[in-house]
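Each remark here refers to the structure printed beneath this line.
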Amino acid sequence: MSKEIAHWLDNLLEEIEGIKVRRKSSRRVRVDVPADALPALLELLQGRAGYIHLSAISCVDWIEEEEFELVYHVWSYESHSLVSAHIRIARDPGVYLSVYDLYQPAAFFERDIHEMYGIHFEGSPNMEKFILTEWNGPPPMRKEFDSEAYINEHLSWQNYNPEWLQELIAEGGGIIIPPEEQRFSQKKK
Amino acid sequence: MSSIKQIPVIEEKRTNPLARVFDELVRFCRSRSLFLLHYCTGCGAIELPPAMTSRFDMERLGIQPMVSPRQADILLITGYVSIKTLKRVILTYEQMGSPKYVIGICSCTVNGGMYWQSYATAKKLDEYMPVDLYIAGCMPRPEAVIEGLQQLMQRIKTGEAKGWEDYYRNYDYYLGNQQKLFGNDWQTPTDVITEAKHYDLLGEGTLGEHTALLEQHQQPLEALEMRLGHQVKEPAE
Ligand code: SF4
């Protein structure tokens with residue numbers, strides 16, 4: 001039964017132009033679509049395939065490619081499967097359409113992404129601050145935001161360098177991770 | 001100021017020959033009956049239930065959880081303090097009646113712990129309020145918590161736990177750090193300076209440039225309007 005649905009779903013998805021479907025397992029499908037085809041895809045999935053639950057929208061900042069990746073995860077209670085629709089939008093100006101009229105929970109996810117990445121969703125009911133109500137800096141999840149520089153400017157450290165730790169470091173132990181391996185802001189270009 | 005040992009001990013003149021005996025008795029009683037307000041900010045709070053309940057049982061030390069800051073003696077900060085939470089922690093601390101003690105549990109309260117790089121968490125708790133005792137660890141086991149509480153009791157008994165006096169004597173320093181983080185228009189509903197006068201703890205560091213800044217924009221506190229029953233506010237025209 002579920003095999004049938006899967007097969008039928010694959011056929012359905014082929015109706016959309018420029019789509020790339022990768023079936024990860026019997027219950028997970030990854031699709032990559034051009035940004036302007038996403039509303040049509042979601043409408044199709046919701047209206048004809050029973051993917052009525054938008055479980056999350058996630059965002060990835062690909063700063064080197066100057067793009068944001070938005071991933072819409074939709075779940076079907078009938079075929080018990082998840083479709084993740086990936087799109088890429090330009091980092092600048094970072095504007096995209098809201099899917100609030102299709103999935104109402106999108107309002108929260110879009111508001112959250114707006115706050116963390118600064119992407120503006122046209123047609124979303126509320127783009128105000130959500131969790132970071134007392135934050136006035138730039139959107140903190142953008143890769144160009146240097147968290148470490150920020151804390152060095154605003155906060156200070158306890159001076160804690162006990163002898164036992166120095167002994168460990170002298171023997172080559174301790175936790176030593178060079179900053180350039182760890183921090184995006186200091187990575188060599 | 002960050003270390004307990006640096007707090008100057010001010011010797012008062014007492015005329016009653018029995019005063020010291022009373023002091024000692026009061027301190028002993030104080031250390032044997034502590035109410036604990038656990039402000040569970042972070043993951044370290046998970047070690048508190050075993051510390052409170054039958055396995056380790058902090059009640060045998062005379063320490064009991066309390067529900068409101070007004071009635072509590074110890075403020076227990078269990079874990080990382082985000083900057084948003086820190087504001088609430090300070091409000092809670094100022095609402096507590098003196099004498100009050102602060103314990104910072106977890107490495108996160110000492111130095112940011114594993115959130116050292118995060119823009120959202122405060123690093124040194126003792127910049128914003130005096131901390132009497134830190135219990136480091138990620139997270140400290142209930143044994144360590146009990147040990148720490150015992151140490152605090154000992155310090156109260158000998159009169160060393162004087163962090164709360166330090167808050168009044170050096171209010172300007174703490175307020176300055178708070179303003180640096182929250183902006184210059186930061187104001188709490190508690191009038192700490194008047195309280196300092198009340199406790200006779202007005203020190204050299206109580207007033208300064210930061211409190212002057214506070215006075216410039218300080219709004220006088222007003223009592224909340226009293227209403228009976230449940231009323232829906234009419235929207236303004
Ligand atoms: S020290 Fe560890 S256990 Fe405690 S709040 Fe920080 S991360 Fe959590």
Side-chain angles (χ1 to χ4, degrees), chain A residues 59 61 63 108 111-118 126 128-169 173-187, chain B residues 1-6 41 77 80-91 102 104-131 133-138 173-174 176-188:
Chain A
C59 182
D61 184 1
I63 188 170
F108 286 109
R111 197 168 155 192
D112 192 26
I113 292 175
H114 173 69
E115 177 173 78
M116 292 294 184
Y117 292 89
N126 192 348
E128 256 152 51
K129 293 205 169 168
F130 187 29
I131 293 164
L132 301 176
T133 42
E134 286 152 37
W135 170 254
N136 298 319
M141 299 285 272
R142 289 175 84 103
K143 288 257 167 88
E144 81 260 16
F145 174 72
D146 189 343
S147 187
E148 211 184 330
Y150 178 86
I151 55 170
N152 282 336
E153 194 184 321
H154 290 86
L155 300 157
S156 50
W157 303 97
Q158 202 97 257
N159 204 357
Y160 183 67
N161 201 7
E163 257 168 47
W164 60 264
L165 187 63
Q166 288 167 8
E167 276 169 27
L168 275 184
I169 290 173
I175 307 165
I176 309 167
I177 304 169
E180 57 276 10
E181 272 179 31
Q182 199 184 19
R183 291 160 219 168
F184 186 85
S185 57
Q186 294 181 18
K187 246 186 213 164
Chain B
M1 248 159 280
S2 52
S3 149
I4 298 293
K5 294 210 182 72
Q6 287 165 17
T41 56
I77 311 282
Y80 54 86
V81 191
S82 79
I83 290 168
K84 228 168 132 178
T85 314
L86 184 61
K87 288 185 183 173
R88 279 79 185 169
V89 170
I90 291 167
L91 298 192
V102 181
I105 288 197
C106 274
S107 308
C108 281
T109 55
V110 181
N111 218 352
M114 70 177 197
Y115 301 99
W116 65 276
Q117 211 186 0
S118 160
Y119 62 93
T121 57
K123 309 299 168 221
K124 280 166 73 176
L125 184 62
D126 57 25
E127 276 194 328
Y128 310 101
M129 59 174 65
V131 178
L133 195 89
Y134 280 120
I135 305 172
C138 179
Y173 164 79
Y174 292 109
N177 289 331
Q178 292 165 13
Q179 280 173 348
K180 194 175 152 211
L181 210 56
F182 308 143
N184 285 341
D185 54 357
W186 163 250
Q187 180 197 349
T188 58

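We name chains A, B, ... by the order of the sequence lines, and we start the count at 1 in each one.
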Nearest atoms (heavy-atom pairs only) where Tyr128(B) meets Leu155(A): OH-CD2, 3.6 Å
CA sep, side-chain torsions, deciding dist, call: Tyr150(A), Gln117(B), side-chain contact (heavy atoms from CB on, under 4.5 Å): CA-CA 9 Å; Tyr150(A) 178 86; Gln117(B) 211 186 0; over 6 Å; no
More than 12 heavy atoms from other groups under 6.0 Å of CE on Met116(A): yes
Closest heavy-atom pair and its distance - Ser147(A), Tyr119(B): OG-N, 3.3 Å
Flag if over 12 foreign heavy atoms under 6.0 Å of CZ, Phe182(B): yes
Residue part contacting chain A, namely of Ser118(B), when any heavy atom lies under 4.5 Å: backbone
Worked check of side-chain contact (heavy atoms from CB on, under 4.5 Å) between Ile83(B) and Glu134(A): CA-CA 9 Å; Ile83(B) 290 168; Glu134(A) 286 152 37; over 6 Å; no
